[in-house]
Amino acid sequence: MTQMNFTDKTKVAIIANGKYQSKRVAAKLFAVLRDDDAFYLTKKNPDIVITIGGDGMLLSAFHMYDKYLDSVRFVGVHTGHLGFYTDYRDFEVDELLNILRSDKGEKIAYPILKVTTTLEDGRQFTSKALNEATIKRIEKTMVADVVINKVQFERFRGDGISVSTPTGSTAYNKSLGGAILHPTIEALQLTEISSLNNRVFRTIGSSIIIPKKDKIEIIPKRQGTYFLSVDNKTYTHRNVAKIEYEIDKKKINFVATPSHTSFWARVKDAFIGEFDS
Ligand code: NAD
């Protein structure tokens, strides 16, 4: 039997959450892939990241590997009840293994969001979001100018603002009353969080879809503490000068498996379910 060169092997990382069922699935995948000559298990520079858990686990794995988006593809196994980024159920692991064995590197790419935060002291932080990024002011009303592609669009007053990706449109954005966007539409969605609207203060009131290449800037008008979230991570900053949002040059790539459920099938499955015709 000829041994495969190390460089010919597919490097696979298995990332599971702490649930008993996830650990069980991870152990099975680990044992099978370790004994298969075509694969090399490593968390360093993997070609494929298999997440086991739910959407939260996939979001965490995305943030672990967001510096390697050019080379890494993701595939999710869900052991919970709802999976938006996960293609396989925990009882379909054998099917996933067969797919990985015949994998030719095909991928499905979705847009992600680039967020740049500038503080008043000049410090700048850049992050990538798979679902959305939000800014909120908790102690008092957030007052902020919304600038879209250099147009001073509105002065927002309210709890905060969310900017979501197309795949994130079914997450927090949907709860905020935003529209569901198909991920082939490379656009961002700005959604208000409890805006103040009366005879004195006015915002557009509906969510806005912003095309690729257009940039959104949020410029807080009051000093204070701001809560910034990027997917499942939150940060607190004093005195935020500006936050910029745009579609990132890179995309997230998923393993294009026959089970890679179509976006509308996911939406139906998650929110509508079966119905009597
Ligand atoms: P979590 O455990 O609170 O999960 C929130 C729920 O959102 C889970 O059911 C998850 O499956 C679902 N979800 C995640 N991404 C989704 C997507 N793209 N489409 C549809 N459903 C999706 O938190 P977590 O697992 O750490 O996930 C963080 C995400 O939770 C955030 O990115 C945000 O979108 C979402 N969230 C939603 C609300 C809300 O709807 N009111 C509030 C806060 C956060």
Side-chain angles (χ1 to χ4, degrees), residues 15-22 25 49-66 69 74-90 108-115 117 127-138 142 158-195 207 209 226-236 243 245 247-248 251-254 260-273:
I15 316 275
N17 68 17
K19 275 169 121 181
Y20 170 75
Q21 181 60 356
S22 304
V25 173
V49 173
I50 306 175
T51 68
I52 304 162
D55 291 324
M57 196 62 250
L58 195 296
L59 288 171
S60 299
F62 166 76
H63 288 285
M64 274 180 224
Y65 292 103
D66 66 2
L69 294 178
F74 295 84
V75 61
V77 177
H78 75 88
T79 52
H81 48 97
L82 180 74
F84 236 82
Y85 291 112
T86 49
D87 283 330
Y88 290 90
R89 301 290 307 275
D90 42 8
I108 292 178
Y110 293 141
I112 56 170
L113 166 67
K114 179 180 166 192
V115 192
T117 306
S127 29
K128 294 182 198 301
L130 178 55
N131 268 350
E132 79 287 295
T134 67
I135 172 167
K136 292 180 193 169
R137 189 169 183 231
I138 303 297
M142 182 173 107
D159 281 358
I161 285 171
S162 159
V163 178
S164 77
T165 64
T167 53
S169 66
T170 46
Y172 192 21
N173 169 75
K174 184 175 182 297
S175 305
L176 295 170
I180 294 178
L181 210 60
H182 193 279
T184 49
I185 302 169
E186 292 191 67
L188 296 176
Q189 185 164 182
L190 183 152
T191 316
E192 301 178 349
I193 308 174
S194 299
S195 59
S207 75
I209 314 285
Y226 289 87
F227 291 87
L228 309 181
S229 78
V230 175
D231 297 334
N232 49 10
K233 300 193 284 188
T234 48
Y235 309 90
T236 310
I243 311 199
Y245 308 83
I247 292 193
D248 199 82
K251 292 186 171 188
I252 181 170
N253 292 305
F254 286 88
H260 192 86
T261 323
S262 92
F263 183 72
W264 296 122
R266 281 174 204 272
V267 173
K268 175 184 183 283
D269 187 48
F271 300 112
I272 305 288

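Note that these values count all heavy atoms, side chains included, but never hydrogens, waters or copies made by symmetry. Counting convention: from 1, in listed order, for ligands and their atoms alike.
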Side chain to side chain contact (heavy atoms under 4.5 Å, CB included) between Arg266 and Thr170: does it pass, once the steps are laid out?
CA-CA 10 Å; Arg266 281 174 204 272; Thr170 46; over 6 Å; no
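Interface atoms of ligand 1 facing Ser175, defined by a heavy-atom separation under 4.0 Å, are 39 (C), 40 (O), 41 (N). Each of the atoms 31 (C), 32 (O) of ligand 1 lies under 4.0 Å from some heavy atom of Asp231. For ligand 1, the atoms closer than 4.0 angstrom to any heavy atom of Thr170 are 17 (C), 18 (N), 19 (N), 20 (C), 21 (N). With ligand atoms numbered from 1 in the order given, ligand 1 contributes 18 (N) to contacts under 4.0 Å with heavy atoms of Tyr85. Within ligand 1, the atoms closer than 4.0 Å to a non-hydrogen atom of Gly56 are 25 (O), numbered from 1 in the order shown.
Contacts of Lys174 with ligand 1, taken as heavy-atom pairs under 4.0 Å, are absent altogether. Looking at Leu59 against ligand 1, only its side chain comes within 4.0 Å, counting heavy atoms. Heavy atoms of Tyr172 found under 4.0 angstrom from ligand 1 belong to the backbone as well as the side chain.
Judged by distance alone, with hydrogens and angles left aside, the side-chain atoms of Thr51 form no donor-acceptor pair with the main-chain N or O of Ala61 at under 3.5 Å.
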Scan the side chains in residues 158-166 for donor-acceptor partners under 3.5 Å anywhere in the protein, sequence neighbours excluded, and list what turns up.
residue, atom, partner, partner atom, Å
Thr165, OG1, Leu130, O, 2.6
Thr165, OG1, Asn131, O, 3.2
Thr165, OG1, Thr167, OG1, 3.4
Thr165, OG1, Gly168, N, 2.9

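Applying the salt bridge (Lys or Arg N to Asp or Glu O under 4.0 Å) criterion to Lys233, with sequence neighbours excluded, gives no partner residue.
Side chain to side chain, Asn173 and Thr191 meet the donor-acceptor criterion of an N or O pair below 3.5 Å.
Note on Asp248 versus Lys128: salt bridge recorded, some NZ/NE/NH1/NH2 to OD/OE distance being below 4.0 Å.
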